[in-house]
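The structure appears below as structure tokens.
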Amino acid sequence: MTTEPIENYFKSSHGDICWFEWGQPGAGTSILLLHATGFHARCWDKVIAAFPAGTHVVAVDQLGHGRSARPEISDWAMIADATAELTESLNINFDIGVGHSMGGHCLVQVTARNTGRIGRLILVDPVIMEREVYLDPPDYSATNHMVAKRRNSWSGPDEMFERFKDRHPYRLWDPDVLKDYCVHGMLTDGQGGFELACPPQSEASVYATSASVDPWPLMDRIAQPVTILRAPQIKQEGMFDFASSPTPPELASNFLNGTDVYLSDLTHFMAMQDPERIADLILEIHS
């Protein structure tokens, strides 16, 4: 798959949602892709490039990200609702739904709401935490979250790439994926420069509301096969590492038809590290 996608917009009840489409529905396998917090639809480009010609793909800039509307996020139901409204409007039966990190959590919400629209789920190191976290949510603060302090003004994607390429965890990524992240993750600021498509405060609001929707009761509504691609949990005293897995090891067993695939040599950013391998796994699991 080497063609450029078609950029589309949908008016959801939470604002405009941008989505990108490769290929035509009905011609081959249809795949829905949902990205992680702070990312965007075009972070999937190198995974999509590894799919066979004729594969139909829809990748969504989820609410608050990319070229979609950017309200302050008060709970993850907002994000999932906007994506669910989009998928309902498309009237496509996806063979596979793939969600990375926050996208995995949202995919569970979308599937529980539209149970017949997705044939199989692949959750790439999803942010679905231990059940106890949702029963007694911690008091997160968007204002104090570390991502709220991210730099927002840039001269362009090249400057961002040079600044990030040797920093953890970006140095673990395939450089071409990092370039996509930078190129498509910026918008012009109207003053000759660029700003992040997902502003720091918006991204922080997503992290701050990560325990706002309990996905565990929704799992009983999902009869489809669910595969968890899970990375190692990195333990560092007094330090949070974004490359560490947020996924409980027993998560797959709580789905009606769940399978756990542990990828010990990759991190939470597995699709950014080895997009071809993740593409192969998506299609291999489907077959």
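Just so it is clear, the structure is predicted and the values come from calculations on it, not from any experiment.
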**Message:** Between Leu107 and Leu32, is there a side-chain heavy-atom distance shorter than 4.5 Å?
**Reply:** yes

**Asked** If you look only at pairs with a residue in residues 170-188, which of them pass as a salt bridge (Lys or Arg N to Asp or Glu O under 4.0 Å), with sequence neighbours excluded?
**Response** Lys46-Asp180

**Message:** Over 60° means perpendicular and under 30° means parallel, so tell me whether Tyr207 and Phe242 are parallel, tilted or perpendicular.
**Reply:** perpendicular

**Asked** Do the charged groups of Arg151 and Glu159 touch, with an N to O distance under 4.0 Å?
**Response** yes

**Side-chain touch Thr259/Ile228, heavy atoms, less than 4.5 angstrom** = no

**Item:** side chain to side chain contact (heavy atoms under 4.5 Å, CB included) evaluation trace for Leu90 with Val58
**Value:** CA-CA 10 Å; Leu90 295 177; Val58 169; 4.3 Å; yes

**Prompt:** Got a second to check how far Phe269's CZ is from Leu172's CG, nearest 0.5 Å?
**Reply:** 9.0 Å

**Inter- and intrachain pairs under salt bridge (Lys or Arg N to Asp or Glu O under 4.0 Å), touching residues 190-209, at least two apart** = Arg70-Glu195, Arg150-Glu203

**Message:** Using modelled atom types and a 3.5 Å cut-off, is there a donor and acceptor pairing between side-chain atoms of His184 and backbone atoms of His40?
**Reply:** no

**Prompt:** Linking I/L/V/M/F/W/Y whenever any side-chain heavy atoms sit under 4.5 Å apart, do Val261 and Leu266 land together?
**Reply:** yes

**Message:** Quick check: do His105 and Pro246 have side-chain heavy atoms less than 4.5 Å from each other?
**Reply:** no

**Request:** Tell me, with the steps shown, if Cys18 and Glu7 meet side chain to side chain contact (heavy atoms under 4.5 Å, CB included).
**Result:** CA-CA 7 Å; Cys18 177; Glu7 183 175 330; 3.8 Å; yes

**Fill in**
Minimal heavy-atom distance between Met272 and Cys43, with the atoms involved, is CE-CB, 4.1 Å

**Request:** Give the intermediate values and the outcome of ring pair (Phe, Tyr, Trp, His ring centres under 6.0 Å) for residues Trp19 and Phe10.
**Result:** CA-CA 8 Å; Trp19 58 283; Phe10 167 75; 8.6 Å; no

**Prompt:** Could you go step by step and tell me if Ile31 and Phe94 meet the side chain to side chain contact (heavy atoms under 4.5 Å, CB included) rule?
**Reply:** CA-CA 6 Å; Ile31 303 175; Phe94 291 98; 5.7 Å; no

**Message:** Quick check against the 3.5 Å criterion: does Ser244 have a side-chain atom that pairs as donor or acceptor with the backbone of Ile234?
**Reply:** yes

**Prompt:** Is Leu121 linked to Val213 within one hydrophobic cluster, defined over Ile, Leu, Val, Met, Phe, Trp and Tyr using a side-chain heavy-atom separation of less than 4.5 Å?
**Reply:** yes

**Prompt:** Taking the side chain as C-beta and beyond, is there a heavy-atom pair between Ser253 and Glu250 under 4.5 Å?
**Reply:** yes

**Prompt:** Would you find a donor on one side and an acceptor on the other, under 3.5 Å apart, between the side chain of Ser12 and the backbone of His14?
**Reply:** yes

**By side chain to side chain donor-acceptor pair (under 3.5 Å) - contacts of Gln224 (at least two apart)** = none

**Request:** Nearest 0.5 Å please: distance from the CD atom of Gln201 over to the NZ atom of Lys149.
**Result:** 9.0 Å

**Complete:** So CD of Gln273 and CG of Leu178: to nearest 0.5 Å the spacing works out to 12.5 Å

**Asked** If only atom types and distance count, is the side chain of Glu130 paired as donor or acceptor with the main-chain N or O of Pro248 below 3.5 Å?
**Response** no

**Prompt:** Are the side chain of Trp76 and the backbone of Val206 linked by a donor-acceptor contact shorter than 3.5 Å?
**Reply:** yes

**Message:** Is it the case that the side chain of Glu85 and the backbone of Ser13 share a donor-acceptor pair, with hydrogens and angles ignored and the cut-off at 3.5 Å?
**Reply:** yes

**Asked** Quick check: does any side chain N or O of Trp216 sit under 3.5 Å from a backbone N or O of Met129, one acting as donor and the other as acceptor?
**Response** yes

**Request:** Could you tell me whether a side-chain N or O of Thr209 sits under 3.5 Å from a main-chain N or O of Ser212, the two making a donor and an acceptor?
**Result:** no

Contacts table for residues 274-283: side-chain donor-acceptor under 3.5 angstrom, sequence neighbours left out:
unit_1: Asp274; atom_1: OD1; unit_2: Arg277; atom_2: N; d: 3.2
unit_1: Arg277; atom_1: NH1; unit_2: Asp265; atom_2: OD1; d: 3.3
unit_1: Arg277; atom_1: NH1; unit_2: Asp265; atom_2: OD2; d: 2.7
unit_1: Arg277; atom_1: NH2; unit_2: Asp265; atom_2: OD1; d: 3.4

**Prompt:** Roughly how far apart are Cys182 SG and Glu162 CD, rounded to 0.5 Å?
**Reply:** 9.5 Å

**Prompt:** So which of Thr111, Asn93, Thr87 actually passes side chain to side chain donor-acceptor pair (under 3.5 Å) with Arg117?
**Reply:** Asn93

**Fill in**
The single option from Ile222, Asp260, Asp220 that satisfies side-chain contact (heavy atoms from CB on, under 4.5 Å) with Phe255 is Ile222

**Request:** Dump the intermediate steps for salt bridge (Lys or Arg N to Asp or Glu O under 4.0 Å) on Asp16 and Arg67, then the final yes or no.
**Result:** CA-CA 9 Å; Asp16 287 354; Arg67 283 150 180 76; over 6 Å; no

**Message:** Just so I know, are the side chains of Val124 and Met270 near enough to count as touching, which here means a heavy-atom distance under 4.5 Å?
**Reply:** yes

**Prompt:** Should Arg42 and Asp61 be marked as a salt bridge (Lys or Arg N to Asp or Glu O under 4.0 Å) after you check the CA-CA gap, both sets of side-chain angles, and the distance that decides it?
**Reply:** CA-CA 8 Å; Arg42 303 300 298 274; Asp61 274 346; over 6 Å; no

**Asked** Parallel, tilted or perpendicular for His100 and Trp44, by the 30°/60° rule?
**Response** perpendicular

**Side-chain heavy atoms of Ile73 within contact of Ile79, under 4.5 Å** = yes

**Asp241 vs His168 side-chain heavy atoms within contact, under 4.5 Å** = yes

**Item:** Ile6: side chain to side chain contact (heavy atoms under 4.5 Å, CB included) partners, not counting sequence neighbours
**Value:** Asn8

**Message:** Can a donor-acceptor pair be found, under 3.5 Å and without considering hydrogens, that links the side chain of His65 to the backbone of Leu63?
**Reply:** yes

**Request:** Consider only side-chain N and O atoms of Asp95 and Ser30, and report whether a donor and an acceptor are under 3.5 Å apart.
**Result:** no

**Complete:** Across all chains, not counting sequence neighbours, the side chain to side chain contact (heavy atoms under 4.5 Å, CB included) partners of Ser101 are Ala36, Val127, His268

**Complete:** Interatomic distance, CZ@Arg163 vs CG@Asp158, rounded to 0.5 Å, equals 15.0 Å

**Request:** Could you give me the CA-CA distance, side-chain angles and deciding distance for Ser68 and Gln62, then say whether side-chain hydrogen bond (donor to acceptor under 3.5 Å, both in side chains) is met?
**Result:** CA-CA 7 Å; Ser68 291; Gln62 297 202 86; over 6 Å; no

**Request:** Report yes or no: do Tyr181 and Leu187 belong to one cluster of Ile/Leu/Val/Met/Phe/Trp/Tyr joined by side chain heavy-atom distances under 4.5 Å?
**Result:** no

**Tyr9-Phe20 co-clustered via ILVMFWY side chain contacts under 4.5 Å** = no

**Prompt:** Are Ile128 and Val108 side-chain neighbours, meaning at least one heavy-atom pair lies under 4.5 Å?
**Reply:** yes

**Asked** Okay, side chain of Thr247, backbone of Pro126: is any donor-acceptor separation there less than 3.5 Å?
**Response** yes

**Item:** Phe164 with Val183, same ILVMFWY side-chain cluster at under 4.5 Å
**Value:** no

**Request:** Report the distance from atom OG of Ser245 to atom OH of Tyr262, rounding to the nearest 0.5 Å.
**Result:** 8.5 Å

**Prompt:** What do the steps show when you test Trp22 against Leu33 for side chain to side chain contact (heavy atoms under 4.5 Å, CB included), and what is the final call?
**Reply:** CA-CA 11 Å; Trp22 289 256; Leu33 299 173; 5.9 Å; no

